[in-house]
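Structure first, commentary second.
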Amino acid sequence: MFKRQTLLLPGALAVALLLSACEHFPSVLPAPESPAPTAAATPASCPPCATCPACPTAEKPQPPAFTRRFTAATWEDLPGWQKDDHSAAWPAFQQSCRGLAKRAGAEAWQAVCSRAEAVDGTSASAVRAFFERELRPYAVSTDDPQATEGMVTGYYEPLLLGSRQQSQRFAFPVHAVPDNLLTVELGDLFPELKGKRVRGRVEGNKLVPYWTRGEILAQEQQLPAKTLAWVNDPIELFFLQIQGSGRIRLPDGSLMRVNYADQNGHPYRSIGRLLVERGDLKLEEASMQGIQAWARANPSRLDELLNSNPSYVFFREMPASDDGPIGALGVPLTAERSIAIDPRSIPLGAPVFLATTRPNSSRPLQRLVMAQDTGGAIRGAVRADFFWGFGKEAGALAGRMKQNGRMWVLLPEGLAP
């Protein structure tokens, strides 16, 4: 794993950290004081007046809670299950078995994975029979069992051109994790915040939010971080940070692999949405390709656009390999057979049957995939990011994908909900 410094702070200081340095942390901060309600906003049981405080019985609106429901299904409920080439998913399932051995429910999965060793993975019928014998399908929905449809997007592993040495052609740095980036694990201070963290840096005797994207770029080589490589295109580098992993073709023709290592703690802001809000793009144009085309046509406005997103991703160099990038499960992803999910909904590593359509199309995309990755924008019970693979063609498909879809998680008897 990447090098990361963890700083434990007194409780009062941790709670006082600025919101911009938090990950999924707003719910534990005190809500800002609201102005006194107007007559129209005051409940009927609380007569309005110029000086009285807000009615004590008035309920403050609460953010919607995350809900997820598994409903038992049959194999006949899965559209396209019989037609899928299950053997194409077998290598990805074997990778999941490696990762599942270290996770919750490992004992149940170990038994399934052990019996998988006797299966002929090249036979689609044998693999399908194995899954039908060993696992049970459950339809995924929100708390409403009828709400089974959600959004399916796509991602990929991009190829950039770069060098290990800075030059006029290769001028944009790919940074490793800075030495002064600190992480506070809030669960070490407050058990109810397990899994939540904030990032920052020390300034004097205070922990303050880490620098934003614009502040990081303004420092150039003064940033206390190793530069792994230099690339030739800032917009391609921006999308590398969104995808989280990629390859860089060096001048000698070799490929350098980089993978997500850490992030500066600031929330991601969609530049596509901003371009639509400003009227620079129409909604249907706000794909990866549309944003890239706008950037090429407006080079003088590019820095301002990119810096409107304060989030910044740092990388680590990975060994050269023909495998896919390493996902959150800790195993290589498989093109068109791996997805990123919200781990609050789908157990990381589990097989999932996905029923959606191909990018900008009504043609079915119905296949067995493995939940082997997560992502900051992948939030919701029925939500998936479909990994298309490596290179330009995969990028073209991923950039256009925003489809409706349904999901069934496949679980062994010992993990039945």
Side-chain angles (χ1 to χ4, degrees), residues 78-81 83-85 88-89 92 140 147-160 233 235-236 238-246 268-298 305 309 324-325 333-342 346 352-408:
L78 280 55
W81 171 258
K83 297 179 181 179
D84 187 25
D85 179 6
V140 184
T148 59
E149 198 167 88
M151 185 170 65
V152 182
T153 50
Y155 70 121
Y156 75 112
E157 186 182 18
L159 174 65
L160 291 78
D233 190 324
I235 190 68
E236 295 286 354
F238 182 85
F239 279 103
L240 171 67
Q241 294 188 329
I242 292 176
Q243 302 304 316
S245 63
Y268 171 78
R269 184 184 183 195
S270 168
I271 61 173
R273 183 177 300 162
L274 178 61
L275 288 171
V276 171
E277 291 173 352
R278 296 193 320 201
D280 291 317
L281 288 179
K282 297 177 182 178
L283 183 60
E284 62 270 19
E285 298 172 330
S287 64
M288 182 176 69
Q289 291 82 359
I291 295 170
Q292 289 174 330
W294 182 93
R296 309 279 185 247
N298 297 273
L305 174 69
N309 167 38
L333 305 180
T334 301
E336 301 189 37
R337 292 290 174 171
S338 295
I339 59 172
I341 46 80
D342 186 337
I346 306 294
V352 173
F353 190 78
L354 178 68
T356 183
T357 51
R358 296 182 68 85
N360 286 354
S361 167
S362 59
R363 288 186 296 150
L365 178 62
Q366 300 167 337
R367 63 182 57 176
L368 180 63
V369 294
M370 304 296 147
Q372 296 173 331
D373 206 2
T374 61
I378 314 304
R379 292 288 179 266
V382 190
R383 178 75 172 90
D385 210 15
F386 186 84
F387 179 64
W388 282 101
F390 166 68
K392 188 174 182 179
E393 184 178 347
L397 291 165
R400 295 195 301 266
M401 189 169 191
K402 191 174 183 181
Q403 318 296 117
N404 291 329
R406 291 182 291 163
M407 301 164 65
W408 290 261

Which heavy atom of [X] sits nearest a heavy atom of [Y], and at what distance?
X: Ser362; Y: Thr357; result: O-CG2, 3.7 Å
X: Val152; Y: Gly405; result: CG2-CA, 4.0 Å
X: Val382; Y: Arg406; result: CG1-CA, 4.4 Å
X: Asn404; Y: Thr356; result: O-OG1, 2.7 Å
X: Ala340; Y: Ile378; result: O-CG2, 3.7 Å

With the side chain counted from C-beta on, respond yes when [X] and [Y] share a heavy-atom pair under 4.5 Å apart, and no when they do not.
X: Pro79; Y: Trp408; result: yes
X: Met401; Y: Trp388; result: yes
X: Leu305; Y: Leu274; result: yes
X: Phe387; Y: Asp373; result: no
X: Gln289; Y: Arg400; result: yes

Would you give the length of the straight line joining atom [atom1] of [X] to atom [atom2] of [Y], rounded to the nearest 0.5 angstrom?
X: Ser287; Y: Leu281; atom1: OG; atom2: CG; result: 8.5 Å
X: Ile242; Y: Ile271; atom1: CD1; atom2: CD1; result: 6.0 Å
X: Thr374; Y: Arg379; atom1: OG1; atom2: CZ; result: 7.5 Å
X: Glu284; Y: Lys402; atom1: CD; atom2: NZ; result: 12.0 Å
X: Lys392; Y: Leu397; atom1: NZ; atom2: CG; result: 13.0 Å
X: Leu240; Y: Leu159; atom1: CG; atom2: CG; result: 10.5 Å

Begin from the C-alpha positions of Leu354 and Met407 and carry the test side chain to side chain contact (heavy atoms under 4.5 Å, CB included) through to its verdict. CA-CA 5 Å; Leu354 178 68; Met407 301 164 65; 3.9 Å; yes

Ion pair Glu236/Arg296, N-O distance below 4.0 Å: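 Salt bridge present between Glu236 and Arg296.
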
Electrostatic pair Asp84:Arg337 at N-O distance under 4.0 angstrom: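 A salt bridge is present here (some side-chain N lies under 4.0 Å from a carboxylate O).
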
Show, in sequence, the C-alpha distance, side-chain angles and deciding distance for Phe386 and Val369, and conclude whether the side chain to side chain contact (heavy atoms under 4.5 Å, CB included) test is met. CA-CA 9 Å; Phe386 186 84; Val369 294; 4.1 Å; yes

Are more than 12 heavy atoms, taken from residues, nucleotides or ligands other than Glu393, located less than 6.0 Å from that residue's CD atom?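 Atom CD in Glu393 is not crowded, with 12 or fewer foreign heavy atoms closer than 6.0 Å.
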
Quick check: does any side chain N or O of [X] sit under 3.5 Å from a backbone N or O of [Y], one acting as donor and the other as acceptor?
X: Asn309; Y: Arg269; answer: yes
X: Glu336; Y: Gly389; answer: no
X: Gln243; Y: Tyr155; answer: no
X: Gln292; Y: Phe239; answer: no
X: Asp385; Y: Gly154; answer: yes
X: Gln372; Y: Ile339; answer: no

Partners of Ser361 by side chain to side chain donor-acceptor pair (under 3.5 Å), sequence neighbours excluded?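 Side chain to side chain donor-acceptor pair (under 3.5 Å) list for Ser361, sorted by chain: empty.
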
For the residue pair Phe353 and Trp81, categorise the inter-ring angle as parallel (less than 30°), tilted (30 to 60°) or perpendicular (more than 60°).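 Perpendicular: the ring planes of Phe353 and Trp81 meet at over 60°.
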
